[in-house]
Amino acid sequence: MERFYNAPERVVDDILHVAAATADLRIAEPESGLRILVRGDWDRQREGSRQVAVLSGGGAGHEPAHAGFIGDGMLTGVISGNLFASPSVEPILAAIREVCGDAGCLLVVKNYTGDRLNFGLAAERARGEGLNVEMVIVADDVAIAEAPQPRGIAGTLLVHKLAGYLASQGASLAEIQQRTRALCERMGSLGMALKPAAQPGQPASTRSPELGLGIHNEPGTRAVDPQSADDAMRLVLEPLLQAVAPVSAPGSSSDTAWVTMLNNLGSCSSQEMGVLTECLLRQLGEERVSHLIGPAPLMTSLDMHGFSVTLVPGTPELLAALTAPTNAPAWPGVHGVRQAPTFTPDTAQGHDALADDAPQNSETSAVLWRVIETLRESREELDALDAKTGDGDAGASMQSGADSIAKALDAQCLDTGSLSPLFTGIGQLLARDMGGSSGVLLSILFTAAGGALGRGDNPGDALAAGVRKMQQYGGARPGDRTMLDALVPAIESLQHGNTLAEAAQAARTGALATASLTTAKAGRSAYVPESALEGIVDPGAEAVARVFEALARP
């Protein structure tokens with residue numbers, strides 16, 4: 001099983017059933033065999049006498065289009081075909097009969113042969129019954145230059161929004177048709193995908209990345225090989241900008257900014273879409289984009305791994321329509337684009353633990369350099385040890401903390417003249433530069449110990465106070481298979497008046513004992529099976545033991 005489907009032939013009906021069950025919609029009786037959804041509050045005798053009904057639809061597989069855009073201010077209803085296949089004439093005609101009142105009905109049709117033919121014949125038959133029906137054909141795809149029949153793709157949603165807005169304002173059918181046709185003439189869309197879509201029940205096809213592929217999984221106009229999100233966006237924007245000119249819109253000028261829509265074609269992650277959005281705004285120039293729609297899955301192609309961009313000049317008339325409220329569940333709203341204001345973060349530490357020309361004690365500095373070199377030399381061994389039970393970066397993390405202290409010693413901005421400012425300064429450095437949970441925990445240790453030393457505690461008791469804070473915030477205890485298993489016995493040894501050598505031995509004994517602890521209750525080892533922990537020393541405890549051994553060396 002590669003995708004969460006049941007019977008492939010039930011996919012469309014399942015999707016439409018959920019749409020009707022979770023929004024104010026009415027659905028055609030399943031026994032009818034017609035896939036029609038209509039606004040739950042729409043009555044052609046009442047609402048249809050006051051405002052134009054707007055119908056759209058086409059093949060399924062583009063969710064949330066089309067059902068997700070039914071609502072006040074957008075579509076009155078939709079007609080769905082099979083996956084990537086136009087609905088037939090009968091359901092389209094039935095939908096027209098259901099919604100068309102005295103004000104008439106506009107059909108929004110994507111420029112595919114099957115859609116044009118089926119919607120067109122349904123419109124003709126409806127007119128023969130005396131219904132006032134018109135059609136607008138969306139052909140926003142610029143993939144093929146000078147194409148006689150450009151396809152209708154994601155830009156169709158902007159037509160839905162404009163038509164629905166105008167209908168809600170009481171515009172006539174003729175005016176809505178004229179203004180939506182004008183929108184179609186001045187907007188363009190283009191898509192790119194790294195991987196094509198896979199039909200339910202069928203294996204995924206293997207095609208290279210393509211530019212200009214259709215939403216029905218048609219091959220693109222050419223193969224491409226983007227090496228980054230920037231490359232991909234550039235490949236889309238260059239032909240799109242050439243095809244769509246801002247000055248073509250009535251009321252626009254060379255200063256008119258773009259409205260742009262970024263559409264997820266199916267399986268791009270939120271992170272990918274965020275990066276693509278940054279590329280889009282930067283390459284267009286934020287000052288040239290007035291509003292952004294998305295990034296969101298709007299007009300998808302099943303699980304296609306790709307995106308499309310739609311551009312249209314942002315005239316006041318269009319912006320009024322796009323920003324008007326609607327209760328269509330899938331409409332993502334419109335975001336104004338601006339140059340993000342910045343501020344200068346307050347990084348003041350509230351103490352002078354790090355300062356230029358800080359007091360220096362050569363003996364203390366020499367001890368610190370011993371610890372630094374020990375951690376640098378231990379990096380590979382600690383990383384290898386961590387790789388057996390964690391993510392393999394314990395040594396790198398410890399070295400980053402050691403390097404930060406080394407840099408401060410070289411700059412003589414770390415006070416080695418007395419222990420309280422020294423510990424406080426080390427805590428500040430580790431919080432800033434070491435990273436990871438170990439960096440934060442050790443920063444807590446040194447910060448709390450520095451404060452205790454400032455209040456007159458001896459070093460052993462001050463370190464014990466720091467450990468209590470580590471336990472308070474980190475939640476670990478001795479025996480949980482963490483650095484505390486070496487740190488606590490070493491500090492307790494100091495509190496009993498023992499020498500650094502004896503404290504180092506206590507740390508070493510505690511570290512070695514972690515190899516027999518097969519149940520970790522904290523840290524990354526807590527997510528590792530017991531069998532993977534047996535006989536492996538905890539890397540944090542090993543690092544602590546090596547630090548104390550370095551401190552104890554003459």
key: Side-chain heavy atoms of Ile293 within contact of Pro332, under 4.5 Å   = yes
note = Between Glu175 and the options Gln178, Arg179, Gln177, the side-chain hydrogen bond (donor to acceptor under 3.5 Å, both in side chains) test singles out Arg179
ask   = Would a distance-only check, ignoring hydrogens and angles, find a side-chain to backbone donor-acceptor pair under 3.5 Å from Trp42 to Val99?
value = yes
task = Might you confirm whether atom CD of Gln472 has over 12 heavy atoms from other residues, nucleotides or ligands at distances under 6.0 Å?
result = yes
inquiry  = Please evaluate residues Gln199 and Leu83 with respect to the criterion side chain to side chain contact (heavy atoms under 4.5 Å, CB included), reporting the C-alpha separation (whole Å), side-chain torsions for both, the decisive distance (0.1 Å), and the verdict.
reply    = CA-CA 8 Å; Gln199 291 260 19; Leu83 290 170; 3.6 Å; yes
query = Got a sec: does the OH of Tyr5 have more than 12 other heavy atoms crowding it under 6.0 Å?
reply = yes
Only distances under 3.5 Å count here; give the side-chain donor-acceptor pairs of residues 297-309 to other protein atoms, sequence neighbours excluded, each with its distance to 0.1 Å.
unit_1: Thr300; atom_1: OG1; unit_2: His62; atom_2: O; d: 3.4
unit_1: Thr300; atom_1: OG1; unit_2: Glu63; atom_2: N; d: 3.3
unit_1: Thr300; atom_1: OG1; unit_2: Glu63; atom_2: O; d: 2.6
unit_1: Ser301; atom_1: OG; unit_2: Ile215; atom_2: O; d: 2.9
unit_1: Asp303; atom_1: OD1; unit_2: Ala198; atom_2: N; d: 2.8
unit_1: Asp303; atom_1: OD2; unit_2: Arg3; atom_2: NE; d: 2.8
unit_1: Asp303; atom_1: OD2; unit_2: Arg3; atom_2: NH2; d: 3.2
unit_1: His305; atom_1: NE2; unit_2: Glu272; atom_2: OE1; d: 3.3
unit_1: His305; atom_1: NE2; unit_2: Glu272; atom_2: OE2; d: 2.8
unit_1: Ser308; atom_1: OG; unit_2: Asn263; atom_2: ND2; d: 3.2

task = Give a yes or no on whether the backbone of Thr323 and the side-chain of Lys161 come within a donor-acceptor separation of less than 3.5 Å.
result = no
query = Distance-only, no hydrogens or angles: does the Arg127 side chain make a donor-acceptor pair with backbone N or O of Val133 under 3.5 Å?
reply = yes
ask   = Would Ile96 and Leu55 satisfy side chain to side chain contact (heavy atoms under 4.5 Å, CB included), going step by step from the backbone distance to the final call?
value = CA-CA 8 Å; Ile96 295 171; Leu55 287 176; 3.8 Å; yes
request  = Please determine if Glu286 and Arg282 form a salt bridge, counting it only when a charged side-chain N lies under 4.0 Å from a carboxylate O.
outcome  = no
request  = Pick out which of Asp140, Val54, Val136 makes a side chain to side chain contact (heavy atoms under 4.5 Å, CB included) with Val159.
outcome  = Val136
query = CZ of Arg26 to CD1 of Ile36: how many Å apart, nearest 0.5 Å?
reply = 10.5 Å
query = Does the side chain of Ser189 pick up a donor-acceptor pair with the side chain of Asp141 at under 3.5 Å?
reply = no
request  = Could you tell me whether the side chain of Ser290 reaches within less than 4.5 Å of the side chain of Val259, counting heavy atoms only?
outcome  = yes
ask   = Counting only heavy atoms not in Glu29, do more than 12 sit closer than 6.0 Å to its CD atom?
value = no
note = Heavy-atom nearest pair, Leu194 first then Pro226, reads CD2-CG, 4.1 Å
task = Please report the shortest heavy-atom distance between Leu34 and Ala94, naming the atom on each side.
result = CD1-CB, 3.9 Å
inquiry  = Can a donor-acceptor pair be found, under 3.5 Å and without considering hydrogens, that links the side chain of Asn111 to the backbone of Pro150?
reply    = yes
message = Restricting to side chain to side chain contact (heavy atoms under 4.5 Å, CB included), what partner residues turn up for Arg10, sequence neighbours left out?
response = Ala7, Asp13, Asp14
query = Once you round to the nearest 0.5 Å, how far does CD of Glu129 lie from CZ of Arg97?
reply = 4.0 Å
ask   = Passes side chain to side chain contact (heavy atoms under 4.5 Å, CB included), Thr260 versus Thr310? Steps please.
value = CA-CA 5 Å; Thr260 183; Thr310 300; over 6 Å; no
task = Over all heavy atoms of both residues, which pair between Ala394 and Asp383 is shortest? Give the atoms and the distance, please.
result = N-OD1, 3.3 Å
query = Got a second to check how far Glu90's CD is from Ile79's CD1, nearest 0.5 Å?
reply = 12.5 Å
note = Closest heavy-atom pair, Arg207 versus Leu213, reported as atoms and distance to 0.1 Å, is NH2-CD1, 4.1 Å
Pair Arg186-Thr315, side chain to side chain contact (heavy atoms under 4.5 Å, CB included): steps then yes or no = CA-CA 11 Å; Arg186 63 180 186 264; Thr315 62; 3.9 Å; yes
query = Under a 4.5 Å cut-off applied to non-hydrogen side-chain atoms, are Asp24 and Arg39 in contact?
reply = no
inquiry  = Measuring only between side-chain heavy atoms, which start at C-beta, is Pro87 closer than 4.5 Å to Ser80?
reply    = no
note = OG of Ser56 to NZ of Lys110, rounded to nearest 0.5 Å, is 5.0 Å
ask   = Rounded to the nearest 0.5 Å, what separation is found between the CZ atom of Arg116 and the CD1 atom of Ile137?
value = 6.0 Å
key: Minimum side-chain heavy-atom gap Val108-Phe119 below 4.5 Å   = no
inquiry  = Just checking His17: does its NE2 atom have more than 12 heavy atoms from other residues, nucleotides or ligands closer to it than 6.0 angstrom?
reply    = no
query = Where the side chain of Asp72 meets the backbone of Asn327, is there a donor-acceptor pair that is under 3.5 Å apart?
reply = no
ask   = Sub-3.5 Å donor-acceptor pair from the side chain of Ser32 to the main-chain atoms of Ala28, do we have one?
value = no
message = What I'd like to find out is whether the side chain of Asp230 reaches to under 4.5 Å of the side chain of Gln283, using heavy atoms alone.
response = yes
query = Any idea how His160 and Phe69 line up, ring-wise: parallel (<30°), tilted (30 to 60°), or perpendicular (>60°)?
reply = tilted
query = Is a side-chain N or O of Asp480 found less than 3.5 angstrom from the main chain of Thr482, in a donor-acceptor match?
reply = no
query = Between CE of Met273 and CG of Leu280, what distance do you get to the nearest 0.5 Å?
reply = 9.5 Å
4.5 Å side-chain heavy-atom contact, Arg35 and Asn82 = yes
ask   = Taking the side chain from Gln45 and the backbone from Asp43, do they hold a donor-acceptor pair closer than 3.5 Å?
value = no
query = Is any side-chain heavy atom of Arg125 less than 4.5 Å from a side-chain heavy atom of Val89?
reply = yes
message = To check you understand the geometry: which heavy-atom pair defines the closest contact between Trp331 and Thr326, and what is its length?
response = CD1-CG2, 3.5 Å
task = Kindly give the heavy-atom pair with the smallest separation between Leu318 and Pro313, and that separation in Å.
result = CD2-O, 3.7 Å
